[in-house]
Protein chains: 2
Amino acid sequence: MPPEQKAGATVRPAVSPWDDIAERLHANGLRWTPQRRTLIEVLKEQQGHVTASELIASCKERDRTTTPSTVYRALDLLEELGLVRHGHGHDGREEYHVLPDQVHGHLYCVGCGTTWEIRPETGAVIVDALAAQLGFDVDLSHVTISGRCAGCHD
Amino acid sequence: MPPEQKAGATVRPAVSPWDDIAERLHANGLRWTPQRRTLIEVLKEQQGHVTASELIASCKERDRTTTPSTVYRALDLLEELGLVRHGHGHDGREEYHVLPDQVHGHLYCVGCGTTWEIRPETGAVIVDALAAQLGFDVDLSHVTISGRCAGCHD
DNA sequence: CAACGCGTTGCAACGACTCGCAATAGCCAT
DNA sequence: ATGGCTATTGCGAGTCGTTGCAACGCGTTG
Ligand SMILES: [Mn+2]
Ligand SMILES: [Mn+2]
Ligand SMILES: [Zn+2]
Ligand SMILES: [Zn+2]
């Protein structure tokens, strides 16, 4: 629509990380299928946390023939490509984040059931402590810490 | 067997935390059942981590009629009483610890699959950081942090 | 445009857990 | 010892996620 783009020779199209997926797949001998297209359309409109079940439900809205195992496998693939990240909620259920948000962990209050994102500076303390003491490189995105929030003490 | 105990009026029998379970249950209007007895016998001989499935299997060895849902419910109860604690492994599966070990979290290396316990001083850094910055009271026992160990970098 | 190879899909079966419900059985009071 | 109250059990059904396998179809080649 914007006519000013028409003339540009090497217009940088403000790429979203999703734009070159088809190529990235092909480059690895993988394929660009309708099922993967559907999932990515769904992921594009997500923000914050989504459970795998919610993603499957959204895919079903767009394509009634959606199969759970296919979505789970596609999510695994996208995670390998670094486009999504999953962790496990307090009950062990999967929760996904769409990148490229800041990588972060989660805090869950067993008192009120609220979930918060761990702020970067707090996350850094955890990452640094384990790096310094054990040489362990933490993947914060897969972390959910439970306990009681300030409002739910005692 | 030891005859020297026979005469003692108020011998303190080096109580294990399991010894007074029947009373603790009764005190709360709860019941002492064969299924709970079986589970506790199994728990007594555990050390380190056990998955719920492993516990169910062990209970079945002692009592072939063991039912999974009953074991899950008994574990919930024992956790409320503070006698066991569970967390979720990297795949979200439940892992139990028998108390009164030091409460601790876990580290999982996605490279080699090894799991370590987080040492008290390292755990303290995490607990203190979240307490200081957010007033959040961490339950370290329910934490599993994944990442890459020193031997599995790059 | 037709043929081929292999990456993917759909399905069915399974494992880990949860929940509602009716039958069972601890525990206490006569 | 008997009876009753109600906590607990066992079961069936359901959810979430994984995996093996045969059929399918994307993408390439001629
Ligand atoms: Mn995981
Ligand atoms: Mn441990
Ligand atoms: Zn709270
Ligand atoms: Zn490792």
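Because the structure is a prediction, the values reported are computed rather than measured.
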inquiry  = Any heavy-atom pair between the side chains of Thr144(B) and Thr115(B) that's under 4.5 Å?
reply    = no
I want to check one thing: is the phosphate of [N], taken as OP1 and OP2, less than 4.0 Å away from some side-chain N or O of [X]?
X        : N       : value
Gln35(A) : dG10(C) : yes
Thr70(B) : dT9(D)  : no
Thr51(B) : dA16(C) : no
Thr67(A) : dA12(C) : no
Tyr72(B) : dT18(C) : no
Thr33(B) : dT8(D)  : no

inquiry  = Rounded to the nearest 0.5 Å, what separates atom CZ in Arg36(A) from atom CG in Leu43(A)?
reply    = 13.0 Å
ask   = Is Gly92(A) touching bases, backbone alone, or none of the nucleic acid, heavy atoms closer than 4.0 Å?
value = nothing
query = Across the strands shown, which category fits Ala52(A) at heavy-atom distances under 4.0 angstrom: base, sugar-phosphate, nothing?
reply = sugar-phosphate
Within the 6.0 Å centroid threshold, strictly below: His49(A) and His97(A) = yes
Atom [atom1] of [X] to atom [atom2] of [N]: distance rounded to whole Å?
X        : N       : atom1 : atom2 : result
Arg37(B) : dT8(D)  : CZ    : P     : 16 Å
His26(A) : dG7(C)  : NE2   : P     : 13 Å
Leu77(B) : dG26(C) : CG    : P     : 16 Å
His88(A) : dA16(C) : NE2   : P     : 15 Å

remark   = Testing dT18(C), dG26(C), dT8(C) for proximity to the side chain of Arg36(A), the answer is dT8(C)
query = For the base of dT6(D), is there a side-chain donor-acceptor partner from Arg31(B) under 3.5 Å away?
reply = yes
ask   = For the side chain of Ser69(B) and the base of dC11(D), is some donor closer than 3.5 Å to an acceptor across the two?
value = yes
5′-ward residue of the pair Arg93(B)/Trp32(B) relative to DNA chain D = Trp32(B)
request  = Name the residue closer to the 5' end of DNA chain C, choosing between Arg73(B) and Leu30(B) according to the nucleotide with the nearest heavy atom.
outcome  = Arg73(B)
task = Please work out which of the three classes, parallel, tilted or perpendicular, describes the rings of His88(B) and His142(B), given edges at 30° and 60°.
result = perpendicular
message = Take a 6.0 Å sphere around CD of Glu23(B) and say whether it holds more than 12 heavy atoms from other residues, nucleotides or ligands.
response = yes
